[in-house]
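Structure below; questions to follow.
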Amino acid sequence: MSTIVIIGAQWGDEGKGKIVDFLTEKCDYVVRFQGGCNAGHTVVVGDKKYILHLIPSGILHKEKKCIIGNGVVVDPGALLKEIDTLKEKDIEIDGNLFISKHCHLIMPYHIAIEEQTEKKKKIGTTKKGIGPCYTDKIARNGVRMVDLLYPEVLSDKIRANLDIINFLLKNLYNAEELKEGEILSLYLDYAEKLKKYIADTDILINQAIDSGKSILFEGAQGTLLDIDHGTYPYVTSSNTIAGGACTGAGVSPRKIDKILGIVKAYTTRVGEGPFPTEIKDDLGERIRKNGGEYGATTGRPRRCGWLDLIGLKHAIRVNGFTGIAITKLDILDGIDKLKVCVGYKYKNAILEDFPKELEILQNCTPLYEELPGWNESTSGIRDYEKLPTNAKKYLQFIEDKLNVKIQIISTGQKRDEIIIKESPL
Ligand code: GDP
Ligand code: IMO
Ligand code: MG
């Protein structure tokens, strides 16, 4: 038996989906514990590509149980669409998918409010209603999955929330009001379709752990998007770090064995917010093009930059990674010189720790060490020894500076384009 948490170490899109899919082979359960359909986790198997938003990336493996834990915010319409898309591709969902009764539901008014708030103060969100839904959760106004099973409770909650939301939409935002009856009948329809998946998932997960099963907790987004430890306010609205797995699934920290950080060989970010190592010239465009760095959820071009060891040191500290996986090494093939950020300069100070102040992050200059690149292709390499010498030196440099073991190196999109240096489980 073992449990492992998979966490994005940067600003999301590190390739978590690919690594989760790969490691699912060794696990019995895959559990999402935070975020919602703002996530886009890509898995490529053979010539088929799947993008998972809410359903754990383990679902492609037959007979593995997939759980959407209580910490996830669920848009039932988006979930049903995802279920249908997967079923069309012959993926087995019924009997393999369980959703916590305590998941909060994204309601149409969350999306309507976010549409307005993004106009006033742009975070560059995915506009999936994530922030407003978590706001309602914390304010104790949320509608939960369990409420779908009790139409009267559902109806009362929708009415009470719409009283306030419609006032805001009309008077503050000059926008169209939403109709209570329409939302209620839509959500009652969702209830009919989803009720077979709704379960006491905390009990399921703990029973599985107690009976010796292996559990993989699949993080969404990344450490620097964490609501507490990220680049606030340019973050998502959940705890994306490893600790979130405990609260978002109902599992004791004592039951977490391993924590694997997923690190892209360079850095990307979608949306607004500081990004010290961003490359703003043609090389950034080349990496975006070669790396296919366009949002898996929104299609937006991702901002690209050099690897940032200061951000990663912060990620290691707040997550306690027991190992890391380096992904997309192949995308650096053919780049003459590779820069790696080893410090920040702000005014006359040299910073070695990720600053808490947004002002500093926005205005610091990254300090780089330069490493020679490689011309050979690393695409699809499965044996560490076959990597070009300079690629090995790049990896060794990262490992030495971060003082954490690189356990996995990913060299392509496909499941088997991977080097396992040591088992992370
Ligand atoms: P996630 O959100 O962390 O799961 O990552 P995304 O799926 O949003 O973005 C990662 C993208 O990189 C996807 O298109 C993956 O198929 C792709 N990818 C993952 N690992 C590798 C790799 O090692 N090499 C290449 N070339 N692509 C990869
Ligand atoms: P995965 O799981 C990258 C970003 C958005 C925006 C900020 C807030 O695929 O790595 P939100 O809609 O969550 O309120 O947006 O967070 N963001 C992501 N960026 N990958 C993701 O997920 C993201 N989910 C949210 O772009 O900057
Ligand atoms: Mg993604």
Side-chain angles (χ1 to χ4, degrees), residues 6-22 32 34-45 48-54 56-57 72-73 75 106 110-111 114 117-118 122-135 218-227 230-238 240 261-275 287-288 290-303 325-333 377-382 408-419:
I6 307 293
I7 295 291
Q10 296 149 317
W11 278 289
D13 302 326
E14 297 89 350
K16 299 175 291 294
K18 171 181 169 165
I19 303 296
V20 169
D21 168 72
F22 179 83
R32 273 281 305 270
Q34 47 70 233
C37 60
N38 48 351
H41 297 177
T42 314
V43 180
V44 178
V45 185
K48 283 198 181 137
K49 178 171 165 178
Y50 305 83
I51 299 179
L52 289 313
H53 298 286
L54 275 162
S57 303
V72 177
V73 288
D75 179 333
I106 294 182
H110 293 138
I111 295 167
E114 190 170 21
T117 54
E118 273 290 289
K122 193 171 180 212
I123 299 291
T125 72
T126 57
K127 294 196 179 161
K128 301 289 181 189
I130 305 292
C133 182
Y134 278 117
T135 302
E218 175 182 6
Q221 290 80 54
T223 302
L224 300 179
L225 289 171
D226 182 278
I227 186 77
T231 48
Y232 189 89
Y234 299 102
V235 293
T236 191
S237 299
S238 63
T240 59
I262 313 299
V263 177
K264 201 182 287 194
Y266 48 97
T267 313
T268 60
R269 166 160 215 175
V270 205
E272 306 298 308
F275 183 177
I287 294 175
R288 182 177 308 122
N290 289 350
E293 297 295 356
Y294 299 89
T297 295
T298 59
R300 290 178 291 174
R302 296 172 181 157
R303 299 155 65 192
I326 302 284
T327 61
K328 306 191 89 161
L329 184 71
D330 54 299
I331 302 305
L332 297 181
D333 292 354
S377 166
T378 62
S379 184
I381 289 184
R382 303 185 61 190
I408 294 179
I409 299 147
S410 173
T411 56
Q413 282 195 299
K414 292 185 182 157
R415 198 180 261 175
D416 58 358
E417 292 177 322
I418 200 160
I419 298 167

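Counting convention: from 1, in listed order, for ligands and their atoms alike.
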State whether the shortest distance between N or O atoms of His41 and N or O atoms of ligand 2 falls below 3.5 angstrom. yes
What one should report as the nearest heavy-atom pair of Arg382 and Asp416 is NE-O, 3.1 Å
I'd like the name of whichever of Ile130, Leu225, Thr125, Thr231 reaches closest to atom 15 (O) of ligand 2 through any heavy atom. Thr125
Take Thr267 and Phe275, measure what side chain to side chain contact (heavy atoms under 4.5 Å, CB included) needs, and give me the verdict at the end. CA-CA 9 Å; Thr267 313; Phe275 183 177; 3.8 Å; yes
Protein residue, atom and distance nearest to atom 7 (O) of ligand 1, heavy-atom basis: Thr42 OG1, 2.6 Å
Answer yes or no: does an N/O atom from Gly291 fall short of 3.5 Å to an N/O atom of ligand 1? no
With respect to Lys16, determine whether any N or O atom, backbone or side chain, lies less than 3.5 Å from an N or O atom of ligand 1. yes
One finds that the ligand 2 atoms under 4.0 Å from a non-hydrogen atom of Gly271 are 27 (O)
Report the nearest protein non-hydrogen atom to atom 13 (O) of ligand 2: residue, atom name, distance rounded to 0.1 Å. Thr236 OG1, 2.6 Å
Residue and atom name of the nearest protein heavy atom (relative to atom 11 (C) of ligand 1), distance in Å to one decimal: Lys328 NZ, 3.5 Å
What pair of heavy atoms forms the shortest contact from Thr327 to Ile262, and how long is it? CG2-CG2, 3.7 Å
Check: Gly15 N/O within less than 3.5 Å of ligand 1 N/O: yes
Under 3.5 Å, is there a donor-acceptor pair between the side chain of Glu417 and the main chain of Lys414? yes
Measure Arg302 to ligand 1 on non-hydrogen atoms and call it side chain, backbone, both or neither using the 4.0 Å cut-off. side chain
Which residue supplies the protein heavy atom nearest to atom 24 (N) of ligand 1, what is that atom called, and how far is it? Asp330 OD1, 2.8 Å
Is there a polar contact, in the sense of an N or O pair closer than 3.5 Å, between Gly40 and ligand 2? yes
Does the side chain of Lys18 come within less than 4.5 Å of Ser57's, by heavy atoms? no
Starting from atom 23 (C) of ligand 2, which protein heavy atom do you reach first, and at what distance in Å? Gln221 CG, 3.6 Å
Does some side-chain heavy atom of Thr297 sit less than 4.5 Å from a side-chain heavy atom of Asn38? no
Short list, please: which atoms of ligand 2 are under 4.0 Å from a heavy atom of Val235? 7 (C), 8 (C)
With backbone taken as N, CA, C and O and side chain as the heavy atoms from C-beta onward, which portion of Lys16 lies under 4.0 Å from ligand 2: side chain, backbone, both, or neither? side chain
Consider every N or O of Lys18 and every N or O of ligand 1, then say whether any pair is closer than 3.5 Å. no
For the pair Lys328 and Glu14, evaluate side chain to side chain contact (heavy atoms under 4.5 Å, CB included) and give the outcome as yes or no after the intermediate values. CA-CA 8 Å; Lys328 306 191 89 161; Glu14 297 89 350; over 6 Å; no
For ligand 1 and Ile331, I'd like to know whether there is a polar contact (N/O to N/O, distance under 3.5 Å). no
So Tyr50 and His41, do their side chains get closer than 4.5 Å, heavy atoms only? no
Taking only non-hydrogen atoms of Ser410 and a 4.0 Å limit, the atoms of ligand 1 in range are 20 (N), 21 (C), 22 (C), 23 (O)
With distance as the sole test, does Arg288 use its side chain to make a donor-acceptor pair with the main-chain N or O of Gly291 at under 3.5 Å? no
For the residue pair Gln10 and Tyr266, what are the closest heavy atoms and their distance? NE2-O, 3.1 Å
Test side chain to side chain contact (heavy atoms under 4.5 Å, CB included) on Tyr234 and Arg269 and set out the steps. CA-CA 11 Å; Tyr234 299 102; Arg269 166 160 215 175; 3.4 Å; yes
Of all heavy-atom pairs linking Ile123 and Val235, the shortest is CG2-O, 4.2 Å
Residue part near ligand 1, for Asp13, under 4.0 Å between non-hydrogen atoms: both
Within the 4.0 Å heavy-atom shell around His41, which atoms of ligand 1 are there? 1 (P), 2 (O), 4 (O), 7 (O)
Give, rounded to 10 degrees, the angle between O (Gly40) and OD1 (Asp13) as seen from the Mg ion (ligand 3). 160°
So which bit of Trp11 gets within less than 4.0 Å of ligand 2, heavy atoms only: side chain, backbone, both or neither? backbone
Residue and atom name of the nearest protein heavy atom (relative to atom 22 (C) of ligand 1), distance in Å to one decimal: Gly412 O, 3.2 Å
Between ligand 2 and Glu14, is the shortest N or O to N or O distance under 3.5 Å? no
Among all the protein's non-hydrogen atoms, which is closest to atom 3 (C) of ligand 2, and how far away is it? Asp13 OD2, 3.2 Å
For atom 5 (C) of ligand 2, what is the closest protein heavy atom, and at what distance to 0.1 Å? Gly124 O, 3.6 Å
List ligand 2 atoms under 4.0 Å from Ala220, heavy atoms only on the residue side. 2 (O)
Per-atom contacts of ligand 2 with Ala39, taking only distances under 4.0 Å to non-hydrogen atoms: 1 (P), 2 (O), 9 (O), 22 (O)
Identify, for atom 14 (O) of ligand 1, the protein heavy atom at the shortest distance, and state residue, atom and that distance. Gln413 NE2, 3.3 Å
Nearest heavy-atom pair of Ala220 and Ala39: which atoms, and what distance? CB-CB, 3.9 Å
If I compare all heavy atoms of Val73 with all of Cys133, which pair ends up nearest, and what's the gap? CG1-SG, 3.5 Å
Arg32 side chain to Val72 backbone, donor-acceptor under 3.5 Å: no
Enumerate the atoms of ligand 1 whose separation from the nearest heavy atom of Gly40 is less than 4.0 angstrom. 1 (P), 2 (O), 4 (O), 6 (P), 7 (O), 8 (O)
Consider every N or O of Thr126 and every N or O of ligand 2, then say whether any pair is closer than 3.5 Å. yes
Within reach of ligand 2, part of Arg300 (heavy-atom separation under 4.0 Å): side chain
Taking 2.8 Å as the cut-off, does an N/O/S atom of Gly17 lie below it from the Mg ion (ligand 3)? no
For ligand 2, does Val270 get within less than 4.0 Å through its side chain, its backbone, both, or neither, judged by non-hydrogen atoms? both
Side chain to side chain, Lys128 and Ile111, heavy atoms closer than 4.5 Å: no
With the threshold set at 4.0 Å, does a side-chain nitrogen-carboxylate oxygen contact exist between Asp13 and Lys264? no
Is the shortest side-chain heavy-atom distance between Ile408 and Ile19 below 4.5 Å? yes
In ligand 1, which numbered atoms sit nearer than 4.0 Å to a non-hydrogen atom of Gly17? 4 (O)
Please indicate whether any nitrogen or oxygen in Leu329 is less than 3.5 Å from any nitrogen or oxygen in ligand 1. no
